[in-house]
Amino acid sequence: MSARQVTLAEVAKQAGVSLATASRVLNGSTRQVSEELSDRVLRTAEQLGYVPNASAQALARNSSSLVGLVVHDITDPYFSCIAAGVTRVAEEAGLVVVLGTTGRRPEREVELLSTLRAHRARAVVLAGSRTTDRSAQSRLAAEIDAFTEQGGRVACVSQAKLGTDTVVPGNRAGGRALARALTELGHKKFAVLGGPSDLFVARDRLAGFKAGLADAGIAPPVVINGAFTRDGGYEAALELLASKTRATCVFAVTDVMAMGAMAALRERGVRVPEDMSIAGFDDIPTLRDTVPALSTVRLPLEEMGEIAAGLVLDAGGDEPRTVRVAGEVVLRASTAHN
């Protein structure tokens, strides 16, 4: 049998103080206790082996040492890199990160934020694209308001659409710059594996890519939408091959989709880049093991997480802050001159 846990009441009795005084000392209340009483309570608690209750501490302080991190899919390297950055900053501040995943379901995002509010989390970082579903965004905005009214803070890594501090990746500009770079290789027929059409990140990257093609006087690309996953890229690439578009260069709006697409092309005997060039977006770490090396738009993913955590843990002012992060085109062996 495990040892019985010492109660706060027992600490108070042994120290010769009231229960309220013991609670203020051990649960971190903002109400002040004299140094003499505080020392006596802390010494008694240590002697008895008292372990503070985290929920009681959160109530006393009106916040906890928890920082929530809500992502769409932690198995996606895009989000795991951002998570690494958030975690590093939070742990350096002596805080604990609690992770929640939405499975790309907007209602789950609201549920997780509500749960973190109930646990009086100090702050929350929401990482992931905003959706075109206005009702879902309204419900999330209302939950953010409730969280901040309780004293918590929220920052996002996405599009600046929720009235919070936000780290905004350069999706549209990155897509445009990539299109220009690929047209300079001589390609004139393009296809895009476009991701879910209800996500702003997919829309922005596609819009930027189309603008870059237009800059070069190239016709709009064939667009095939698929899931933001390896399998989504794989299936979209098979659909592209079946449509016989004669595209010589493919842009997958995420690296993960691009990796799936490369697998499909390889299985069908299409050589990359000899028969078809392909490029992605994000520059996730796993690209180091991809053959041929994937051309992409590099985003400083861990740094984005660090910036978001820095924003959410810094009180700042009343006005939401926006930090824009530029992408960098990196051409590798998966794209060649046409």
Side-chain angles (χ1 to χ4, degrees), residues 72-73 75-80 104 171 174-175 177-199 201-203 205-210 212-213 216 218-299 327 329-338:
H72 291 332
D73 179 7
T75 64
D76 185 329
Y78 176 89
F79 292 111
S80 56
R104 301 190 188 279
N171 290 319
L178 178 63
R180 288 173 173 170
L182 295 175
T183 60
E184 289 172 1
L185 294 178
H187 293 281
K188 291 182 170 54
K189 292 186 180 295
F190 289 87
V192 176
L193 310 185
S197 59
D198 64 334
L199 293 182
V201 61
R203 289 188 168 204
R205 291 178 180 183
L206 174 59
F209 194 79
K210 286 181 174 178
L213 295 184
I218 304 294
V222 172
V223 180
I224 298 175
N225 293 322
F228 260 4
T229 61
R230 180 265 181 202
D231 290 347
Y234 180 91
E235 296 296 335
L238 291 181
E239 186 178 337
L240 172 66
L241 293 176
S243 66
K244 301 185 185 302
T245 63
R246 299 178 66 185
T248 62
C249 188
V250 176
F251 167 46
V253 295
T254 73
D255 289 340
V256 172
M257 291 186 73
M259 292 172 73
M262 289 174 73
L265 297 178
R266 186 166 54 248
E267 286 182 12
R268 294 305 169 94
V270 178
R271 298 170 302 164
V272 176
E274 292 85 355
D275 302 325
M276 184 178 287
S277 290
I278 186 165
F281 202 118
D282 291 326
D283 200 27
I284 57 176
T286 44
L287 293 188
R288 297 167 190 160
D289 301 320
T290 303
V291 179
L294 183 67
S295 295
T296 188
V297 177
R298 175 184 294 153
L299 288 174
V329 174
V330 181
L331 295 184
R332 299 190 178 109
S334 69
T335 51
H337 287 272
N338 186 46

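Just so it is clear, the values below take in all heavy atoms, side chains as well, and ignore hydrogens, waters and symmetry mates.
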Sidechain-backbone polar pair: [X] side chain, [Y] backbone, donor-acceptor under 3.5 Å:
X	Y	result
S295	R332	yes
T296	D282	yes
D283	V297	no
R203	S197	yes
D255	I284	yes

Heavy-atom pair of closest approach, residues [X] and [Y]:
X	Y	answer
K210	V223	CE-CG2, 4.3 Å
A219	L213	O-CD1, 3.9 Å
M276	V270	CB-CG1, 4.0 Å
N225	G195	OD1-O, 3.1 Å
A333	P292	CB-CB, 3.9 Å
V253	M257	CG2-SD, 4.1 Å

Any side-chain heavy-atom pair from [X] and [Y] closer than 4.5 angstrom?
X	Y	answer
V256	T286	no
F228	D73	no
R205	T254	yes

Q | Electrostatic pair D275:R268 at N-O distance under 4.0 angstrom | A |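 No salt bridge links D275 with R268.
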Rounded at 0.5 Å granularity, tell me how far [atom1] in [X] sits from [atom2] in [Y].
X	Y	atom1	atom2	value
E235	E239	CD	CD	9.0 Å
I278	L182	CD1	CG	11.0 Å
Y234	T229	OH	OG1	12.5 Å
H187	H337	NE2	NE2	8.5 Å
L331	L178	CG	CG	7.0 Å
L238	E267	CG	CD	7.5 Å

Q) Does the side chain to side chain contact (heavy atoms under 4.5 Å, CB included) test come out yes or no for L287 and M259, once each step is laid out? A) CA-CA 8 Å; L287 293 188; M259 292 172 73; 4.0 Å; yes
Q) Which word best sums up how the rings of F209 and F190 line up, parallel for under 30°, tilted for 30 to 60°, or perpendicular for over 60°? A) perpendicular
